[in-house]
Amino acid sequence: MKNSVSLQLHVPEPAARPGQAPDFNWVKVPAAGSVTRPDISVEPGAIREHAYTLIRVLDDSGDAVGPWNPKLDLQTLQRGLRAMMLTRAYDNRMFRAQRQGKTSFYMPCTGEEAIGVAQAMALDHRDMTFPTYRQQGLLIARGWPLVDMMNQVFSNSRDRLKGRQMPIMYSSKAAGFFSIAGNLATHFPQAVGWAMASAIRHDDRIAAGWIGEGATAEGDFHHALTFASVYRAPVILNIVNNQYAISSFQGIAGGERTTFAARGLGYGLPSLRVDGNDFLAVHAVTTWAADRARSNLGSTVIELLSYRAAAHSTSDDPSKYRPADEASHWPLGDPIARLKQHLMALEVWSDEQHSRLAVEVDNEVRDAQREAESYGTMGTDEHHSPATMFDDVYKEMPWHLRRQRQELGF
Amino acid sequence: MKNSVSLQLHVPEPAARPGQAPDFNWVKVPAAGSVTRPDISVEPGAIREHAYTLIRVLDDSGDAVGPWNPKLDLQTLQRGLRAMMLTRAYDNRMFRAQRQGKTSFYMPCTGEEAIGVAQAMALDHRDMTFPTYRQQGLLIARGWPLVDMMNQVFSNSRDRLKGRQMPIMYSSKAAGFFSIAGNLATHFPQAVGWAMASAIRHDDRIAAGWIGEGATAEGDFHHALTFASVYRAPVILNIVNNQYAISSFQGIAGGERTTFAARGLGYGLPSLRVDGNDFLAVHAVTTWAADRARSNLGSTVIELLSYRAAAHSTSDDPSKYRPADEASHWPLGDPIARLKQHLMALEVWSDEQHSRLAVEVDNEVRDAQREAESYGTMGTDEHHSPATMFDDVYKEMPWHLRRQRQELGF
Amino acid sequence: MVQALNSAMDVMMARDDSVVVFGEDVGYFGGVFRCTEGLQRKYGPDRAFDTPIAEAGILATAVGMGVYGLRPVVEIQFADYIYPATDQLISTAARLRYRSAGEFTAPITVRTPCGGGIFGGQTHSQSPEAIFTHVCGLKTVIPSNPYDAKGLLISAIEDDDPVIFLEPKRLYNGPFNGHHDQAVTPWTEHPAGEVPEGHYTIPLSKASLVRPGEDVTVLTYGTMVHVALAAVAEGGVDAEVIDLRTLVPVDIDTIVTSVTKTGRCVIVHEATRTSGFGAELSALVQENCFYSLEAPIVRVTGWDTPYPHALEWDYFPGPRRVAEGLRKAMEG
Amino acid sequence: MVQALNSAMDVMMARDDSVVVFGEDVGYFGGVFRCTEGLQRKYGPDRAFDTPIAEAGILATAVGMGVYGLRPVVEIQFADYIYPATDQLISTAARLRYRSAGEFTAPITVRTPCGGGIFGGQTHSQSPEAIFTHVCGLKTVIPSNPYDAKGLLISAIEDDDPVIFLEPKRLYNGPFNGHHDQAVTPWTEHPAGEVPEGHYTIPLSKASLVRPGEDVTVLTYGTMVHVALAAVAEGGVDAEVIDLRTLVPVDIDTIVTSVTKTGRCVIVHEATRTSGFGAELSALVQENCFYSLEAPIVRVTGWDTPYPHALEWDYFPGPRRVAEGLRKAMEG
Ligand SMILES: Cc1ncc(C[n+]2csc(CCOP(=O)(O)OP(=O)(O)O)c2C)c(N)n1
Ligand SMILES: Cc1ncc(C[n+]2csc(CCOP(=O)(O)OP(=O)(O)O)c2C)c(N)n1
Ligand SMILES: [Mg+2]
Ligand SMILES: [Mg+2]
């Protein structure tokens, strides 16, 4: 009845470790334009292959090709480029601010800017977003003031979150940007709940959630997909596969044997895999998924294939676990460079314009930082009074918190 | 950017409610023998369709057909039939025992006997099983004494679990039968952990876990599949889709838009959907999955399509939520009747033999019950001393439990 | 009590269309304890519905709905099954108002049957309230009778903070006093069994003095209120029995006033003892009434073991054990 | 302390090939706090490996491995992230021996960094020990120095019951006494910073009397041991400081002996106050030492709020607050 092979535990290993040459041969990159674009009313079962391929619009020469070309007007493309560059400039300055002791912590999204930015632009500004800590691009693309974001990062006297949250844990009801969760994945099924509520109230707003490929292993990922499928919730479920979860490569999250988009198939949800560094492709699939949601066709799962080009956070040193030059070998390139190339291919953009814009956005960040710093930084003592620490635990402060506030001397 | 359709919440509804005619038109039943049987070394991606079809061996006239025919010898078939009939007789008597006040609770597996029994027979007796409360057939097929099972159900003086667990929460290390969990799904990733341990120790024993289709919605289901996929754990992950989770039909668990076997595809696991009332098909797919596991090819997901013919438990009244005569319309029939038909088609079995066997197994259960009752039942006071309540919380009893035992008077 | 709880949800669903009710088996079937019976028929499947078996998913979607602006009332089928939802409860529901400085809130009510006495064994009998009381941002409520149950549940639903609403399942059908060998009394024979039809509230954080007395204070809640009353009656002690009703924020004034008067205190709960809510009560009493105390505070509780199925009445802190506790407190 | 913990695992992996170590980032990288550095290189990827980000999955597979016969040591990256694993911990790990009457057990050790002081905000600073102490079947251990950390971790790994092993992350690199504005002292300057290389154990359930004294007993553990010592030194009170080390089962004899002698008691922990483990300690002390107590027991704890990022030093119960607590206990 049984053979006598001795069993072995398989522990996934990445293609390359520090000291080895980067190896991305295993990343299959289909030609831009090669994937069909079905109607939004398609039966999910008919497009299962879309979970295993890669939707791409921008080809190697920067031309937009194929059925997923969203045919965005020039102004939209330039807005997108600007927002991505602003996001990168913001990340760079905030990362440095941490090194200068102005904040305790920072997390950049370098290399992943197309995701937050293009998706914000493809959604309606009234739609609700449930991001992770790596979608600052959403807030920036929605035009939220950098100064307000920095106030949070600096935990200063104008920090709307009153210094309570770690840096980058933004929250803005006005911007439709849900309070970032420290506990991975918790927000993902909450996005589904929000969407269910919108459906219960016959509203027309939809929700979108983001999750890292690493965090898909949490139970809450499964809860999100289950509830989204059962109730056909109007929600877009985005998986950002940036290859890493702190030190562990995507194989440890379950990416060795299939794609992350494939997860969605198990729930009967249409699942698209997209080149996450291709602004146009990201915009196009997000629009498709949003249209489905708005048409009561339910939820779509999107895997955005990208690469975390920088450290996980200011506390991390990626050279400890991956080849130092791996980022430059990432086969899908850099989202900003690729959109720039596209605009240049369209002959509406030049290197000079690009350099000028780079200076412009950097100045914008610098000015914002100057203002935010005038309200205090982590090092200074300009923050909210310790008395505020007892507010908002409950709507009304109960007796025991009043007593504790007194104990502290307030 | 958005249309103005007003959103609606979709809440799945079963095909028929009490007072309506049973409706199983939505159950697609492919012909027996129509599904291919790939080699165990097949790439999981090559057999995705196996998650959407139904592997069947017994055809309508009771003949065993097609590539999945396990070609079991007569003795095995008769052992299987007997174990299924013994299981049913056991369930019937224990259900009645609850009505007579001899136990506080009981849960039958009526209609699902092929699952526990055929799977126990396809596994090696040294393999470890992590069942739910509806796989008593496993224990019975492994020849575990009925009296011991009843002692647990009656919480009597011979109950090895010392009256601590609710009836039917069997546990037997000797039988390779893991202690039944009250908290659904918790044991499913534990089965994976056991299998990982077996691989770490280069053992040759594999594990098998069972879960109801309702409980697949728990996070632990997702954890099981993720870890099984990542580490290629030698474990069989069985989903018993018996159409109901107490009162809610499988659509509420996410079965409206796809199959439960399809869940496994999202993790790159080969996933087979099988007629759970077809003893031969269940035996065959289990053997296939066990061979894969033993050959270091990793985990297989199996959806066993069946129907919960009786009440969820003695506390349940299914006529409140489903048509009273639904069971008799279930298109896959009854597992005992179908194996009987097969044996008769083989001309090795007769109605008389069958009736004789039915009496024989019922007598066996009756005798066992008589013995078990002699050690006490719920109503009587023959159970373990209250002093034993404080044992086994820890390996050594700490001071506070010793004091509490004294407080109780021991 | 089942009808009272049902009525509270019915009243609130009728008054406020942002109230939605969901959980395992609560829709068409009306809940395994029948508490949501009829709500789906009356308010439609998008206001009262069944969910997948995923307690974390139930809590998570409830939080998301709360963020949207709804007021979800969810059922966890047994309190023993709330653990998969712990992260959603602690890390998000309880912390959302704080972490967003009041912009996002989760005004949810989590109903769940707790306690033993129905031979449910270790996974249908637990009383996990202490865990919730340790989580700042959560309120924890346990009614002991139908009148309170309805008034407290309406207050919980109207409350803008997340409330864990524990329902002692042994009280669903009558005021059980711990004498398991005696005939079951139905609520109809109990004064608090009479429940007005419409909307009324019992404020959260207000205890109820269910029996005034001079000699010793009994702090308790849920099923044990009735057990304590029985023990007091049988033991002939002039005890003041306080039904806390809300555990956090607890009604400290009522506690302090009583213990200051009696100088003695017995705490009674069904949950396991170590780090149970009785520990917090004991700490509070000794911090606030130290100089009035004439004898050590006594805790009468479930043992620090899982709830054993067949030995459930040896586990349950019945009237005999409460009476012993009273004696101990009186003797000092 | 990081090296001490690493050494404990190293020693045990070398002695007992059933010991396996896993968790998020613990394999190749060696853990975000570097506690498992080098173990994968030394013992291979099937004895020290990375896991998917699923705390419940980590605990569940650990339980399954325990059932098989291994002795898993798992890391939860921050104690704040243990909540998704609550159900596996409470419903299975803690209950398995009981529910199977000893046939199946889960001899697992769950290591996890706890406490604040590194500007981690509300989701990297929590001290959830009270929850585990309420769960019968679990043991809860918190070391306060490298020597103890190694000896206790070896005991935990060798123990046949599931042990929650909380590592105060602010102590990883030195004996932090709460004076956050002073220079960091490394462990090399502390006597307990010296850690023998090989195998040795510190028994579970034995407290350590870190400072004998006559006037008041301080019950504490983890980081707060050092804060309490600083407060005592600065306040000039002759306090007896007890480092509990194991919370459950707690060393009741050491506690009772001390409080009976001093007649006063201050309990110090970093966790939120309400239903914290201080409540249980307070209850135990007053139950066992009532007639010796000359003043109310004082609790000095974290506030009942989430741990606020920028206001962390207003939240942290530092030496000033502990000294105030001592004064209060002395004045009565
Ligand atoms: C519940 C929980 N477990 C662990 C962590 C610690 N942690 C923070 S980020 C991270 C990696 C997440 O990786 P991924 O989901 O891929 O997102 P990415 O950082 O790549 O954007 C981990 C393990 C956490 N925050 N929450
Ligand atoms: C965590 C948890 N939640 C809820 C329950 C209550 N419960 C017991 S059985 C059951 C239905 C399970 O249905 P399914 O998984 O389909 O198994 P079946 O009963 O059909 O065999 C429920 C909800 C439980 N035991 N554990
Ligand atoms: Mg990632
Ligand atoms: Mg079922």
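Note on naming: letters A, B, ... go to the chains in the order of the sequence lines (proteins, then strands), and numbering restarts at 1 for each one.
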Under 4.5 Å, counting heavy-atom pairs only, tell me which of A/D203, A/L265, A/I200, A/I206 racks up the most with chain B. A/D203

Can you check whether A/R232 reaches B/E256 side chain to side chain, under 4.5 Å on heavy atoms? yes

Within the 4.5 Å heavy-atom criterion, are A/P12 and B/V230 side-chain neighbours or not? yes

In terms of relative ring orientation, are B/F221 and A/H222 parallel, tilted or perpendicular, with 30° and 60° separating the classes? tilted

With a 4.5 Å cut-off on heavy-atom pairs, point out which of A/I252, A/T226, A/T259 contacts chain B the most. A/I252

For chain A, which candidate among B/A195, B/A233, B/S229 shows the most heavy-atom pairs at distances under 4.5 Å? B/S229

Give a yes or no on whether the backbone of B/G219 and the side-chain of A/H223 come within a donor-acceptor separation of less than 3.5 Å. yes

Is any residue of residues 45-53 of chain A within less than 4.5 Å of chain B by heavy atoms, and which ones? A/R48, A/E49, A/Y52

Keeping A/N296 on the side-chain end and B/H10 on the backbone end, is there a donor-acceptor pair under 3.5 Å? no

Sub-4.5 Å side-chain heavy-atom contact between A/D204 and B/V5: no

Go through A/P234, A/A217, A/G254 and name the one with the most non-hydrogen pairs under 4.5 angstrom from chain B. A/A217

Closest non-hydrogen contact found for B/R257 with A/P44 is NH2-CG, 4.3 Å

Atom group of A/A253 that falls short of 4.5 Å from chain B, counting heavy atoms: backbone

Portion of A/L269 that has a non-hydrogen atom of chain B nearer than 4.5 angstrom: side chain

Checking A/T216 against chain B: side chain, backbone, both or neither under 4.5 Å from a heavy atom? backbone

Can you name the closest pair of heavy atoms from A/R294 and B/L7 and give their distance? O-CD2, 3.9 Å

To the nearest 0.5 Å, tell me how far B/S198 OG sits from A/Q8 CD. 11.0 Å

One option among B/F260, B/Y231, B/F227 has the most heavy-atom pairs under 4.5 Å with chain A, and it is B/Y231

